[in-house]
Amino acid sequence: MADQLTFDDPRTRYPKLHPRKQQQDGTGLQSEMKPVPDLGESTYRGTGRLTGRKALITGGDSGIGGATAIAFAREGADVVISYLPAEQSDADHVLEQIADAGVHGFGIPADLTDAAACRSLVTSAVEQLGGLDAIVLVAGKQVSVIDLADLPDEQFVQTYEINVFAAFRIIQAALPHLRPGATIVTTASLETYQASEERVDYASTKAAINNLSKGIAQQLAPKGIRVNTVAPGPTWTALQISGGIPVEEEKGYGEETPLGRAGQPAELAPVYVFLSSPESSFVVGATYAVTGGMPTP
Ligand code: NAD
Ligand code: MG
């Protein structure tokens with residue numbers, strides 16, 4: 001059976017999207033998307049790269065975080081995923097895949113706009129897993145607003161709380177638990193470098209998370225803890241159809257990439273695995289672009 005290691009043509013590994021116009025409220029449910037994004041359920045094959053690791057993955061119910069959680073489990077890691085309570089059904093799907101991989105999986109609903117919730121998420125993850133040595137921060141908020149004049153102050157603040165402040169708070173709370181060899185992977189975006197005029201709040205948080213990660217990487221490397229960042233390009237996820245992009249842009253989504261199509265979450269997961277695995281031992285403070293060829297500096 002084909003898996004992520006099958007030699008094929010990257011242009012046609014996934015078909016071009018023909019999504020029906022769709023919009024969901026809140027963060028959206030991936031299970032209700034048409035088509036449903038691929039988290040690697042039937043393709044990702046583990047090879048023991050994260051054996052025995054204890055991982056916390058935020059936003060692990062769906063999309064890039066969900067695909068990463070499934071990949072981590074199949075690589076041998078026990079996994080805690082966090083998500084919003086309304087996303088429990090998406091989380092259950094991922095937790096089922098984790099259980100099928102024969103490792104331990106736990107779901108912890110938590111609203112990361114709340115500072116105390118960020119800290120107690122770390123405490124609960126350490127309790128459930130019996131330690132913590134891999135942190136993967138994928139949770140994020142992206143809401144397009146065409147006119148700057150219409151951008152609500154509350155949205156601006158929340159986007160920073162989830163995308164930037166939560167990352168700082170979770171990493172800081174985790175510090176006492178991280179031993180040499182532990183890894184942290186954060187999630188930036190192509191928009192780190194190419195600010196979208198429709199997403200000035202979001203794009204600027206992604207520049208912030210990229211910079212924050214490089215600063216923290218320098219401080220933690222002398223302690224044997226590696227921090228790196230993934231910068232995804234256009235990827236088919238619930239984020240986009242719950243206000244992330246204007247509904248008119250759903251048709252042809254991702255076709256501007258040199259590969260001519262959007263990415264699928266399953267195509268991001270291997271990079272999170274690599275950056276968390278000891279095989280990337282000399283990779284520190286790096287940003288890995290996974291953009292289908294959209295150029296980054
Ligand atoms: P997604 O909607 O599947 O995942 C985002 C997750 O963030 C949600 O599932 C939710 O659990 C979590 N989240 C949102 N608000 C939260 C809150 N208040 N508290 C706790 N958790 C919250 O979409 P995705 O595209 O897989 O997003 C994952 C990451 O990838 C985000 O950081 C996003 O910015 C980044 N990214 C995505 C794309 C893309 O094209 N999809 C491109 C670049 C970067
Ligand atoms: Mg979700």
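Being a predicted model, the structure only gives us computed values, none of them experimental.
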Here the gap from Leu137 atom CG to Ile209 atom CD1, rounded to the nearest 0.5 Å, amounts to 6.5 Å

Derivation and outcome, side chain to side chain contact (heavy atoms under 4.5 Å, CB included), residues Glu279 and Phe274 | CA-CA 7 Å; Glu279 73 206 291; Phe274 171 70; 3.6 Å; yes

Do the side-chain N and O atoms of Glu87 and Thr27 include a donor-acceptor pair separated by under 3.5 angstrom?
-> yes

How long is the gap from CG on Leu148 to CZ on Phe156, to the nearest 0.5 Å?
-> 9.0 Å

Does any pair with a residue in residues 177-187 pass side chain to side chain donor-acceptor pair (under 3.5 Å), and if so which ones, sequence neighbours excluded?
-> Arg53-Thr183, Thr186-Ser213, Thr186-Thr229, Thr187-Tyr272

Does atom CG of Asp25 have more than 12 heavy-atom neighbours, drawn from other residues, nucleotides or ligands, at distances under 6.0 Å?
-> no

What distance separates Leu151 CG from Arg199 CZ, expressed to the nearest 0.5 Å?
-> 12.5 Å

Rounded to the nearest 0.5 angstrom, the OG1-CG distance for Thr205 and Leu212 is 11.5 Å

Does a side-chain heavy-atom distance below 4.5 Å link Ile241 with Met33?
-> yes

Identify whether the distance between the nearest side-chain nitrogen and carboxylate oxygen of Asp133 and Lys54 falls below 4.0 Å.
-> no

Distance (rounded to the nearest 0.5 Å) between Tyr160 OH and Ser204 OG = 2.5 Å

Indicate yes or no: at least one non-hydrogen side-chain atom of Pro180 is less than 4.5 angstrom from one of Ile225.
-> no

Here the gap from Met294 atom CE to Glu191 atom CD, rounded to the nearest 0.5 Å, amounts to 9.5 Å

Indicate whether the side chain of Glu198 and that of Ser196 have a donor and an acceptor atom separated by less than 3.5 Å.
-> no

How about Arg74 and Gln97: does a side-chain donor come under 3.5 Å of a side-chain acceptor?
-> yes

Answer yes or no: is there a side-chain heavy-atom contact under 4.5 Å between His104 and Gln128?
-> no

Side-chain contact test, heavy atoms from C-beta onward, threshold under 4.5 Å: evaluate it for Asp38 versus Thr43 and give yes or no.
-> yes

Which side chain to side chain donor-acceptor pair (under 3.5 Å) pairs, counting each pair once, include a residue from residues 282-297, with sequence neighbours left out?
-> Asn210-Thr287, Lys214-Thr287

Residues Gln30 and His93: side-chain donor-acceptor under 3.5 angstrom | no

Decide yes or no for Ile171 and Ile184: does some side-chain heavy atom of the first lie under 4.5 Å from some side-chain heavy atom of the second?
-> yes

Have Thr6 and Asp8 got a donor and an acceptor in their side chains that come within less than 3.5 Å?
-> no

Give the C-alpha distance, both sets of side-chain angles, the deciding distance and a yes or no for side chain to side chain contact (heavy atoms under 4.5 Å, CB included) between Val283 and Leu275.
-> CA-CA 7 Å; Val283 182; Leu275 293 173; 3.9 Å; yes

Check the pair Ser276 / Val136 against side chain to side chain contact (heavy atoms under 4.5 Å, CB included), numbers first and verdict last.
-> CA-CA 8 Å; Ser276 303; Val136 183; 4.3 Å; yes

Any side-chain heavy-atom pair of Asp3 and Tyr44 under 4.5 Å | no

side-chain contact (heavy atoms from CB on, under 4.5 Å), paired with Tyr253, selected from Arg261, Lys16, Gln240 | Gln240

Within-4.5 Å side-chain heavy-atom neighbours: Ser280 and Arg226 = yes

Glu250 with Lys21: basic N within carboxylate O range, under 4.0 Å | no

Taking atom types as modelled, find out whether Asp90 and Tyr83 have a side-chain donor-acceptor pair closer than 3.5 angstrom.
-> no

For residues Ser189 and Tyr202, determine if any side-chain heavy atom of one lies less than 4.5 Å from a side-chain heavy atom of the other.
-> yes

Please report the C-alpha distance between Val271 and Leu268 in whole Å, then the side-chain angles of each, then the deciding distance to 0.1 Å, and finally whether the side chain to side chain contact (heavy atoms under 4.5 Å, CB included) criterion is met.
-> CA-CA 6 Å; Val271 179; Leu268 274 294; 5.8 Å; no

